[in-house]
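Just follow the structure's listing: the first ligand is 1, and inside any ligand the first atom is 1.
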Amino acid sequence: MSEYNNFAEMKKFIGFTASDIENLNSMAPIFEQRGDAITDFFYETLSLYPETAALIEGRVDTLKETHRRWMRELFAGVDGGYDEAYFDNRNIIGKVHVKIGLDPRWVEGVMNIIRTGGHAALTQELESAAELGEKFSSLCKILDLDLMIINLSYADERLTRLAAFTGMSRKLIENCIKSG
Ligand code: HEM
């Protein structure tokens, strides 16, 4: 099964439907207004830890621009949707982070900043508890899908690098991992 098919299956598995897309699109104006504060906190936090601070030093303004684009796409999709173009776009992110030598635990950690920051932004903007619940649930779904793509492409890029470095075939490495 192709990587994209895995993504399509996972969308079905978590029940990511047209109503989630509608919810995400409707939240775009909230995050246009409040997203920068989340992005600022994201990079402030990364600057507090030597391992991550070293990677972002001297390029925070450029990275914030990249992050703004990523957040806009979260609510608008890529090419207007959450299909193959969206998957390809997110798939590159994991590989880029492997290349800079980032330990994956930091990606896991900062996703929480987006989740809790997103919840705080929605709480400030939406009066109805039912609407808040429904829209936050759609936000969680897309963040989980993004994290899943990043994690899978991260693992894939690591195997590719291991195969290239050792000269072992990918199949052999995967069989080693699977063997009891
Ligand atoms: C939710 C987690 C994260 C998301 C969604 C995210 C998003 C992105 C995106 C969209 C890019 C641009 C990729 C491209 O060039 O096409 C990028 C690059 C980058 N990110 Fe992240 N990022 C995350 C976590 C982190 C963390 C934890 C660090 C820690 C230092 C980090 C540091 C960087 C750096 C240094 C680059 C530039 C890589 C390069 O081109 O040399 N990111 N990120």
Heavy-atom distance to atom 40 (O) of ligand 1: which of Lys99, Arg68, Arg59, Lys95 wins? Arg59
Below 4.0 Å, non-hydrogen atoms only: which portion of Trp106 touches ligand 1? Side chain, backbone, both or neither. both
Measure up the His67 and Phe42 rings against each other and bin them: parallel (under 30°), tilted (30 to 60°), perpendicular (over 60°). tilted
Under the 3.5 angstrom rule, does the side chain of Tyr82 hit a backbone N or O of Phe16 as a donor-acceptor pair? no
Would you call Arg105 and Glu51 a salt bridge, using N to O less than 4.0 angstrom? yes
Does Ser137 use its side chain to pair, donor to acceptor, with the backbone of Gly133 at less than 3.5 Å? no
Near Leu55 (heavy-atom distance under 4.0 Å), the atoms of ligand 1 are 30 (C), 35 (C)
Taking only heavy atoms of Ile56 into account, list the atoms of ligand 1 that are under 4.0 Å away from them. 30 (C)
Any donor-acceptor pair under 3.5 Å linking the side chain of Thr52 with the backbone of Leu48? no
protein heavy-atom neighbour closest to atom 5 (C) of ligand 1 works out as Trp70 CE2, 3.3 Å
Among all protein heavy atoms, pick out the one at the shortest distance from atom 16 (O) of ligand 1; state its residue, atom name and that distance to 0.1 Å. Ile92 CG2, 3.9 Å
Among Leu122, Leu24, Thr39, side-chain contact (heavy atoms from CB on, under 4.5 Å) partner for Phe31: Leu122
Where is the nearest protein heavy atom to atom 29 (C) of ligand 1: which residue, which atom, and how far? Leu102 CD1, 3.5 Å
Return the closest protein heavy atom for atom 36 (C) of ligand 1 as residue, atom name and distance. Leu63 CD2, 3.3 Å
Would you call the rings of Tyr49 and Trp106 parallel, tilted or perpendicular, where under 30° means parallel and over 60° means perpendicular? tilted
Just let me know how Ile114 lines up against ligand 1, side chain, backbone, both or neither, with a heavy-atom cut-off below 4.0 Å. neither
Under 4.0 Å from one or more heavy atoms of Met111, ligand 1 contributes atoms 1 (C)
Check: of Val96, Asn89, Thr66, min heavy-atom distance to atom 15 (O) of ligand 1 comes from Val96
of all protein heavy atoms, closest to atom 22 (N) of ligand 1 is His97 NE2, 3.0 Å
Residues Lys64, Asp40: salt bridge by 4.0 Å N-O rule: yes
Note: Phe42, heavy atoms under 4.0 Å from ligand 1, region reported as side chain
Decide, counting backbone as well as side-chain atoms, whether His67 has an N, O or S atom less than 2.8 Å from atom 21 (Fe) of ligand 1. no
Which is it for Tyr86 and Asp146 under the side-chain hydrogen bond (donor to acceptor under 3.5 Å, both in side chains) test, yes or no, and what are the steps along the way? CA-CA 9 Å; Tyr86 189 86; Asp146 263 52; 2.5 Å; yes
Any donor-acceptor pair under 3.5 Å from Asn25 side chain to Phe75 backbone: yes
Asp146 contact mode with ligand 1 (heavy-atom cut-off under 4.0 Å): neither
Going by the order shown, which atoms of ligand 1 are within less than 4.0 Å of some heavy atom of Val110? 1 (C), 2 (C), 24 (C), 27 (C)
